[in-house]
There are 2 protein chains.
Amino acid sequence: MEAGLRTENRRAALVEAGLEAFGTVGFAKSSIKDICGLAGLTQRYFYESFKKKEDLLSAVYGQVVNGVLETGWANVEKPAKTPAQAVTRTLRTYYQDLLDDPRKARILYFEILGVSGRIDQEYQAATKRLVDLIAHALSRAFPALSAEQLQRTIVPTGLAGAVNLIAANWALDSYATPLEDILLQVQALAQLLDGFLKTSPEGVPA
Amino acid sequence: MEAGLRTENRRAALVEAGLEAFGTVGFAKSSIKDICGLAGLTQRYFYESFKKKEDLLSAVYGQVVNGVLETGWANVEKPAKTPAQAVTRTLRTYYQDLLDDPRKARILYFEILGVSGRIDQEYQAATKRLVDLIAHALSRAFPALSAEQLQRTIVPTGLAGAVNLIAANWALDSYATPLEDILLQVQALAQLLDGFLKTSPEGVPA
DNA sequence: CTATTGTGACATTTTCTCTTGTCAAATGCA
DNA sequence: TGCATTTGACAAGAGAAAATGTCACAATAG
């Protein structure tokens with residue numbers, strides 16, 4: 001095997017080990033040594049691919065964020081019978097991702113915060129991407145809402161916060177509430193909004 | 001001055017120094033030595049009042065949380081002419097608190113997360129208190145919504161997430177958007193909800 | 001086969017930070 | 001005033017983790 005390729009493999013192993021360490025023990029309590037142990041590598045290989053622990057967190061976070069947002073976008077484009085169905089389905093896959101791998105939830109909602117200014121910026125950028133996805137999902141599910149109009153309001157940001165806090169509380173609660181219960185409530189709200197928009201064609205004010 | 005009282009004063013100085021350190025440099029990057037320096041005390045006095053840095057964070061967080069929730073409750077009880085006005089006024093004081101002291105915002109939304117299991121529990125408890133406040137505010141502003149009904153839904157949790165993420169983004173953005181712009185949008189949404197509830201006396205389904 | 005490069009295990013250095021201890025000066029109290 | 005307690009400044013040990021270095025061995029290419 002080529003050297004460059006093996007370097008890549010080691011890097012990938014470190015990212016996977018980082019996901020495990022940060023997602024279970026936590027960022028603060030994981031040492032570089034621990035992570036290398038999980039990856040089955042010695043410490044020097046850490047410095048082969050990363051300068052410091054924070055850089056690994058950045059790589060892990062980027063991978064997780066890309067994963068959930070990709071499944072989100074893949075879902076939002078699919079046609080749906082009703083707006084409520086579209087909203088529910090998108091949210092289901094998003095939450096299902098976190099349910100399948102609680103380490104991702106922990107990194108997305110907890111470990112990423114308060115580490116450094118640079119990481120805060122990455123968090124902010126990722127939040128913005130989620131807000132964009134939500135704005136797009138809303139404008140698709142509810143054609144009465146224009147995407148441009150949504151972009152200028154705080155509504156998608158607020159909804160992103162709602163989605164995130166519900167997910168974070170759900171994770172802190174060890175996923176006690178069945179996912180379907182949460183989705184049923186969301187579905188009811190979406191149906192309400194749908195009915196409301198149909199009786200108020202003037203839409204939502206900016 | 002009595003000894004016990006001076007001990008109290010030193011403790012208060014440490015909490016204030018903790019607010020400054022955690023709220024600007026951050027929890028991870030603040031050493032006990034730094035904090036004592038800010039407080040104008042030597043390290044031994046840290047151990048007089050706290051066992052470890054985490055305990056100081058807990059004290060600082062508790063003070064900040066109590067402060068914002070108290071102003072929130074004080075406001076929510078006041079009578080208002082319209083529901084939209086009630087919502088806007090409560091939110092204004094809540095956000096104004098954070099605008100006046102950005103260190104509080106940083107601690108509330110960033111520094112508190114991912115520190116330890118114990119701190120996570122305190123965060124969860126504080127979130128629950130905010131959710132309760134919001135549920136109460138909603139049931140007061142919109143009598144059509146019963147408090148008991150609200151408690152069983154994810155709506156207040158979602159709204160708490162919305163309030164928090166909007167605040168967190170706002171803080172990360174160095175409060176670029178004028179507070180009044182945000183409040184105007186919230187007011188518009190509240191008016192919409194008010195109008196909707198008046199045409200749908202059956203209320204929101206559980 | 002042999003020289004070069006990559007690898008793995010381990011040692012070492014360095015840098016922090018926590019935590020406890022010492023002691024003289026200051027302060028409060030009888 | 002004289003005694004006891006409190007205080008402030010600093011020292012120093014303990015421990016952990018980061019970051020770098022060494023070296024024998026394995027793998028591979030020519």
> According to the interplanar angle, ranging from 0 to 90°, do the rings of W170(A) and Y95(A) count as parallel (below 30°), tilted (30 to 60°) or perpendicular (above 60°)?
Replying inline: tilted

> Taking CD1 from I35(B) and P from dT17(C), how many angstroms apart are they, rounded to a whole number?
Replying inline: 11 Å

> For the pair made of OH in Y47(A) and C1' in dA9(C), what is the distance, rounded to whole Å?
Replying inline: 16 Å

> Rounded to the Å, how far apart are E8(B) CD and dT6(D) C1'?
Replying inline: 16 Å

> How about T71(A) and Y94(A): do any of their side-chain heavy atoms sit closer than 4.5 Å?
Replying inline: no

>> Quick check on DNA chain D: between K29(A) and E48(B), whose nearest nucleotide comes earlier from the 5' end?
In response: E48(B)

Under 3.5 Å, which N/O atoms of the protein pair with N/O atoms of nucleotides 10-16 of chain C?
none

>> If I take atom CD1 in residue I32(A) and atom P in nucleotide dA16(D), what distance separates them, rounded to the nearest angstrom?
In response: 17 Å

> Taking everything shown except Q63(A) itself, do over 12 heavy atoms lie less than 6.0 Å from its CD?
Replying inline: no

> 5'-most contact on DNA chain D: L41(B) or S31(A), nearest heavy atom basis?
Replying inline: L41(B)

>> Under a 3.5 Å threshold, yes or no: a donor from one side chain and an acceptor from the other, between Q96(A) and D100(A)?
In response: yes

>> With heavy-atom distances below 4.5 Å as the criterion, would you say the side chains of E122(A) and R118(A) are in contact?
In response: yes

>> Can you confirm whether H136(A) sits close enough to W73(A) that some side-chain heavy atom of one is under 4.5 Å from a side-chain heavy atom of the other?
In response: yes

>> If you compare every side-chain N and O of R6(A) against the phosphate oxygens of dA27(D) (OP1, OP2), does one of them come in below 4.0 Å?
In response: no

> Whole Å only: how far is the CG atom of D55(A) from the P atom of dA18(D)?
Replying inline: 13 Å

> Atom CZ of F50(A) and atom C1' of dA18(D): how far apart are they, to the nearest Å?
Replying inline: 16 Å

> Separation of F46(A) atom CZ from dA9(C) atom P, in whole Å?
Replying inline: 18 Å

>> Less than 3.5 Å apart, any donor N or O on the side chain of S31(B) or D34(B) sitting next to an acceptor on the other?
In response: yes

>> Looking at dG8(D), I'd like to know if its phosphate oxygens (OP1 or OP2) sit under 4.0 Å from a side-chain N or O belonging to Y45(B).
In response: yes

> Within this structure, what is the NZ-to-P distance between K33(B) and dA12(D), rounded to whole angstrom?
Replying inline: 14 Å

